[in-house]
Amino acid sequence: AQSVTQPDIHITVSEGASLELRCNYSYGATPYLFWYVQSPGQGLQLLLKYFSGDTLVQGIKGFEAEFKRSQSSFNLRKPSVHWSDAAEYFCAVATSNFGNEKLTFGTGTRLTIIP
Amino acid sequence: DTAVSQTPKYLVTQMGNDKSIKCEQNLGHDTMYWYKQDSKKFLKIMFSYNNKELIINETVPNRFSPKSPDKAHLNLHINSLELGDSAVYFCASSRGGQETQYFGPGTRLLVL
């Protein structure tokens with residue numbers, strides 16, 4: 001069965017520092033991968049997605065992610081974080097099983113930004 | 001012009017009551033979903049519908065009954081609410097397959 005692991009429950013970084021959030025997936029077929037962000041009390045907003053092609057994908061708000069098939073990873077990066085980036089980040093894999101498509105989410109990484 | 005909307009945003013109710021949450025999407029998508037986010041922020045799919053037909057039912061108690069009157073709407077009715085039903089419920093929609101899912105703002109349900 002498919003699964004997504006986000007090994008870091010909580011990360012704290014200083015404003016202006018670089019950021020990397022880890023995501024590992026387990027899925028037998030070609031994965032469709034997503035990063036979503038959830039600000040406090042809000043819904044989920046899509047940051048970026050990988051379907052095929054270039055393994056480095058650019059998203060909104062200056063985020064990027066790199067798909068590494070050999071490592072089953074899809075890590076999210078940002079070169080310089082802003083205080084407004086404080087939120088919960090979810091990695092997800094879209095799986096398809098005879099039409100039963102669904103998103104399987106990781107447990108999320110809470111990002112705290114310190115001045 | 002909200003893409004995926006849910007009502008109500010907050011719902012506080014007593015155990016044993018019956019309540020409904022409504023979801024509407026104006027994206028022209030064929031597939032809609034309900035997800036539950038628990039107190040630890042874990043998100044798990046509950047149901048998906050494609051063109052008003054139930055596709056996924058992830059071992060959700062039968063107290064939960066989704067209804068899709070048309071492909072732009074997917075409502076969630078919950079009977080005999082229990083304390084453990086307290087959570088945030090998210091509606092989402094997509095073009096189907098493994099395409100991007102767009103989420104509503106969530107409905108925060110608190111059962112007392």
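Per chain, numbering begins at 1; letters A, B, ... match sequence-line order. The figures that follow rest on heavy atoms only: side chains count, while hydrogens, waters and symmetry mates do not. Please read all numbers here as calculations on a predicted model, not as lab measurements.
B/Ile55 is not connected to B/Trp34 by any chain of hydrophobic side-chain contacts under 4.5 Å among Ile, Leu, Val, Met, Phe, Trp and Tyr, and they are in different clusters. Linking ILVMFWY side-chain heavy atoms closer than 4.5 Å, directly or via other members, places B/Leu43 and B/Met46 in two distinct hydrophobic clusters. Hydrophobic clustering (ILVMFWY, side-chain heavy atoms < 4.5 Å, transitive): B/Met32 and B/Phe64 are in one cluster. Following chains of ILVMFWY side-chain contacts shorter than 4.5 Å, one can reach A/Phe90 starting from B/Tyr33, so the two form part of one hydrophobic cluster. Put simply, B/Val111 and B/Tyr35 are part of two different groups of oily side chains (I, L, V, M, F, W, Y) that touch within less than 4.5 Å, one to the next.
Ranking B/Gln37, B/Lys44, B/Gln101 against chain A, the residue ahead of the rest is B/Gln101, based on heavy-atom pairs under 4.5 Å.
Few gaps surround NZ on B/Lys71; more than 12 heavy atoms of other groups in view lie less than 6.0 Å from it. More than 12 non-hydrogen atoms from other residues, nucleotides or ligands lie less than 6.0 angstrom from CZ of B/Arg63. Residue A/Glu20 places its CD atom among more than 12 non-hydrogen atoms of other residues, nucleotides or ligands, all under 6.0 Å distant. Heavy-atom neighbours of B/Leu27 CG from other residues, nucleotides or ligands within 6.0 Å: above the threshold of 12.
Only the side chain of B/Glu58 comes within less than 4.5 Å of a heavy atom of chain A; its backbone N, CA, C and O stay farther away. Contacts of A/Gln38 with chain B are made by side-chain atoms alone, with heavy-atom separations under 4.5 Å and no backbone atom involved.
Summarising the geometry of B/Phe103 relative to A/Leu44, their closest heavy-atom pair is CB-O, 3.8 Å, with the distance given to 0.1 Å.
Of all residues in residues 51-80 of chain A, those placing a non-hydrogen atom less than 4.5 angstrom from a non-hydrogen atom of chain B are A/Phe51. Interface with chain A: from residues 79-91 of chain B, residues B/Phe90 qualify, criterion being any non-hydrogen pair under 4.5 Å. Among residues 103-115 of chain A, the residues having any heavy atom closer than 4.5 Å to a heavy atom of chain B are, in sequence order, A/Leu103, A/Phe105, A/Gly106, A/Thr107.
In this view, A/His82 and A/Ser84 satisfy the side-chain hydrogen bond (donor to acceptor under 3.5 Å, both in side chains) rule, not counting sequence neighbours.
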